[in-house]
Each structure stands twice: as structure tokens, then as C-alpha cells.
Amino acid sequence: MCWSQRGGPVTHVFRGTFIHSTPETALQVLEDALLGVDTAGKISFIGKGENLLELSQKFGFNPSDVNQLAQHEFFMPGMIDTHIHASQYSYAGTALDMPLLQWLNTYTFPVESHFKDLEFAKKVYTQVVKRTLRNGTTTACYFATIHTDASLLLGQIANDFGQRALVGKVCMDRNNSVKHYRETVQESVDETHRFIKELLNKKYPLVKPVVTPRFAPSCTEALLEQLGTIAKNNNLHIQSHISENIDELKLVKELFPDSETYTDIYHKFNLLTDKTIMAHGCHLSDKELTVFRETGTSLSHCPNSNVSLCSGILDARNVLNHKVKLGLGTDVAGGYSSSILDAVRRTLDASKVLTIQNPQHQTLTFEEVFRLATLGGSQALSLDDQIGNFEIGKDFDALRVNVAARGGPIDLVQCKEPKVVDHLTSYSLFPPICPLKGDDRNIVEVFVAGRKVVPCEDLALE
């Protein structure tokens, strides 16, 4: 194992087991490793435990200051939620009795319209940031609402609690069900400009704006065109939805009769870029996936929501075979859980359902889905030069996991040292990252850019 120094002086050194993914290896276990974090929160070096003395002299730290992980602990990269509606958190786990379009009109739009009330917005947004951090989400790509001030408040709250976030003020100039919850084209454009300018002027180190047309059915061509220009001129991320539901596809065809496919609509208005993340994609054709690959556009796989709203099942294997960037999303509140571990479970379930339907289908492995929850998410958000795994020079976004956490859901049967057996970790190591066993109780510490954000007194859930 090699190492090199980056950034300033080393402020933290950890020793123990580290688990992460690389582009070549879905799940890699580094046993008895040493990892140093510098003053900028970046990974300064990675080395072997047996080289402690040499490393301490090279990087100027005291061996007695090394933070030693316990027998049943390990570090993994922070999890990345590539699609979550912060404004829908207040009713997560309820109102899942309708398909997408009816669900939006009956529940979602009426609730989101209340976010003009900043006190209400503050309460909900504080809760969702606290909860997702406790769940191990170090990076979140948030949808807010059409309300600029409330969207700016979400950015402030994420910054205050130390979460890395892309925050989007929703843009929509078509909505016949809740008529007061929509904008004119000019209002949407003006407020999007204001949102971007004010959020960037805050100079939050980890929170950035993302241009957010809700989805094609809620936007006119005039608005989509303007948003594509705004994103291009400001070199910003873009997020939206695509091909989630069959009835949605029919509506899109009615509203945009001149477009051959759903993908063509976004492509026409320069909304498909290497910084675009589109949620769902359950019904995308191979031809559309080719456009995604050619433009560098990413997909967010939201299996909980896809099933909860009876929308469809994304063939994630087919997406990966097309070499399209893919991450995982909770899609709260279409998805009832704000945990990416749940998204890992549901991704595995969805892939197995496809295998039941077609035994020739190549089921996703746990290791592959672990990569989607971490490195894959960073690639989908075009942040893989900063986060996603334990590479020198990247930010230390990490979860300290304890298999034997007191009161946790895992009962240990074996007490052997961690080892790799047939590309899987042994039972003493595997359960905490296995989505069928571990949960937030096993996540004892959360780090974002080297800063410990969990546990934190301010983060205590009320």
C-alpha cells in the first residue's frame, strides 16, 4: 500500500478496518490500516498499521494519539442520497395509497404549498437534515419547494449541521390541481436567479444550488428552455424526474407531442449534462439510456418509491450495462424511509424480483449495491473527485460502524478477526454493512469533510 501527503498538517489518525469501493473493485477491505486526515478535512495518507512508526515520523503525529477502532468496528464511506424531497419529510410513511399523478395532486402539492411559512419550513427541514445525518447520509441532493426563502433556509440548515448538500428550489409553471402552488415563467426564472445568487453568496463550503425543474409535466417549454440556459451559464448541477410512471409517460406525450421520447424533451433544452441527475427512469428505452451515456447524465435509483407508488421496477443491471452513472435515492416521501440502507435493501429486492420474472437476469450483488450507495452516488452527482471512497486527497466523509453497538439489531455469533472469504467478508464483519441487519444504531460516528457531525448535541432528535 502506498501513501502520499496532501494538504496541511495531520490532525486525526485512525487505525483499524476500512471498507470502500473502487471503480475496479465493488467492495475492498483494508485490514489494520492507518488513515490520516489533515486540517482541511482531506485524507492525507493511507498506510499499513505495521508502518505506524515510519508514518508518524513522516507525517508528524504522535503514535499515542492514534484513534484505534474496536474489534467490531470499521469505517466505510458516507452514504449519498441522490434524490430526496426534504419538503415531503413531514408525511413520510403515510399517504401511499395512490399512483404518482394522483398522489402529487392529493398530498404532495398541498403540503408543499405550506412552505411559504418559514417557521413550518424550519421545523421540517431541521428534522430531515438531522435524521438523514443520523442515518449516515453525508451527502444529500435535495428538492425543496417553489419558495425561494424556504429553499435558502434548507441550505442554511444543512450547512449548520455539517451535511454536504445540493439544494434545489423547485421550478414549476404548470399545476391545475393546486393553482396557488405554481409560478409564472418569469417568476420562476427570477426566483431561480435569486436563489442561486443568494446561496452562492453565503459561501457555504459544502452546500451548492442545483437547478430543479420539477418534471416535464409541470413545466412549459418556455420554462425548460430558460432553466437549461441558467444551468449552462452558471455551470450548475441539474435535477429532475423522468419515466417514473406509465400514466406520467402518457401525459408527457400529450403535453409534448413533438418530442419522440421523454428524454428528448430534456435534451432539447440542454438539461442533460454531465452534472444532471434524473430520478427513477423505470421505463427508459435502451435508446434513451444511450443518450444518457453520451451526455454524461446520471440516474438516481429509488426502489422504495418505485414500488410504494406502483410506478415500476428499474432494471439497474441494464442501466449499468449501458455504462450510465447510477446512484441510490430514498425519494422521500414517495419512499417511506429516509435511510440509504433501506435503498440498498430495496435495490437488492428489486433486482431479485427481476430475476424471478426472468431467470436469465443477472441479479445485482450486495457488493455492487454497496458501491452504488457510496462511490456510485458520488459519480452520479459528479462529486467523485471529492468524495465516495477512501482515496488520498478526497474529503474524509465517513461512517464509523460498530457491529456490536449496545442496543443494536445485530447478535454476533462469531468473534473471529475480519477476513475476506470468497470475496465476502466473514460473518463477524459482514452484518453491519449488510442491509438486512444493520441500521442507524450501528452508526456511532459520522464525519463530513473531516468534521465529526454525529454524535452532536445539536443533532439530538427531539
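Applying the ring-ring contact (aromatic ring centres under 6.0 Å, His included) test to every pair with at least one member in residues 283-337, sequence neighbours left out, gives no pairs at all. Screening residues 184-217 for ring-ring contact (aromatic ring centres under 6.0 Å, His included) gives no qualifying pairs among residues at least two apart or on separate chains. Pairs engaging residues 202-222 under the salt bridge (charged side-chain N to carboxylate O under 4.0 Å, His left out) rule: Glu112-Arg214, Glu221-Lys268 [sequence neighbours left out].
A salt bridge is absent between Asp315 and Arg317: the closest approach of a Lys/Arg side-chain nitrogen to an acidic carboxylate oxygen does not fall below 4.0 angstrom. Between Lys287 and Glu260 there is a salt bridge, since at least one side-chain N of the basic residue sits less than 4.0 Å from a carboxylate O of the acidic one. We find that Glu294 and Lys323 are not joined by a salt bridge, their nearest charged nitrogen and carboxylate oxygen being 4.0 Å or further apart. Ion pairing between Asp190 and Arg194 fails under the 4.0 Å rule for side-chain N and carboxylate O.
Every ring pair (Phe, Tyr, Trp, His ring centres under 6.0 Å) that Phe14 has, sequence neighbours left out, goes to Phe75, Phe396, Phe447. Under the ring pair (Phe, Tyr, Trp, His ring centres under 6.0 Å) criterion, Tyr91 pairs with no residue at all, not counting sequence neighbours.
A distance of 6.0 Å or more separates the ring centres of His114 and His147. Taking the six-membered ring wherever Trp is involved, the centroid distance between the rings of Phe74 and Phe18 does not fall below 6.0 Å.
Defined by atom type and a distance below 3.5 Å, a donor-acceptor pair is missing between the side-chain atoms of Ser351 and Asp349. For the residue pair Asp173 and Thr220, a side-chain donor N or O sits within less than 3.5 Å of a side-chain acceptor on the partner.
A side chain to side chain donor-acceptor pair (under 3.5 Å) with Ser300 holds for exactly one of Thr82, Asp81, Asp331; it is Thr82.
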Taking distance alone, no hydrogens or angles, what donor-acceptor pairs closer than 3.5 Å link side-chain atoms of residues 155-163 to residues at least two apart or in another chain?
from: Gln163; atom 1: OE1; to: Tyr142; atom 2: OH; distance (Å): 2.6
from: Gln163; atom 1: NE2; to: Thr132; atom 2: OG1; distance (Å): 3.1
from: Gln163; atom 1: NE2; to: Thr137; atom 2: O; distance (Å): 3.0

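You'll find the side chain of Ile80 reaches within 4.5 Å of the side chain of Ile387, heavy atoms only.
Ser188 places no side-chain N or O within donor-acceptor distance of the main-chain N or O of Val185, the cut-off being under 3.5 Å.
Going from atom NZ of Lys42 over to atom CG of Asp395 covers 4.0 Å, rounded to the nearest 0.5 Å.
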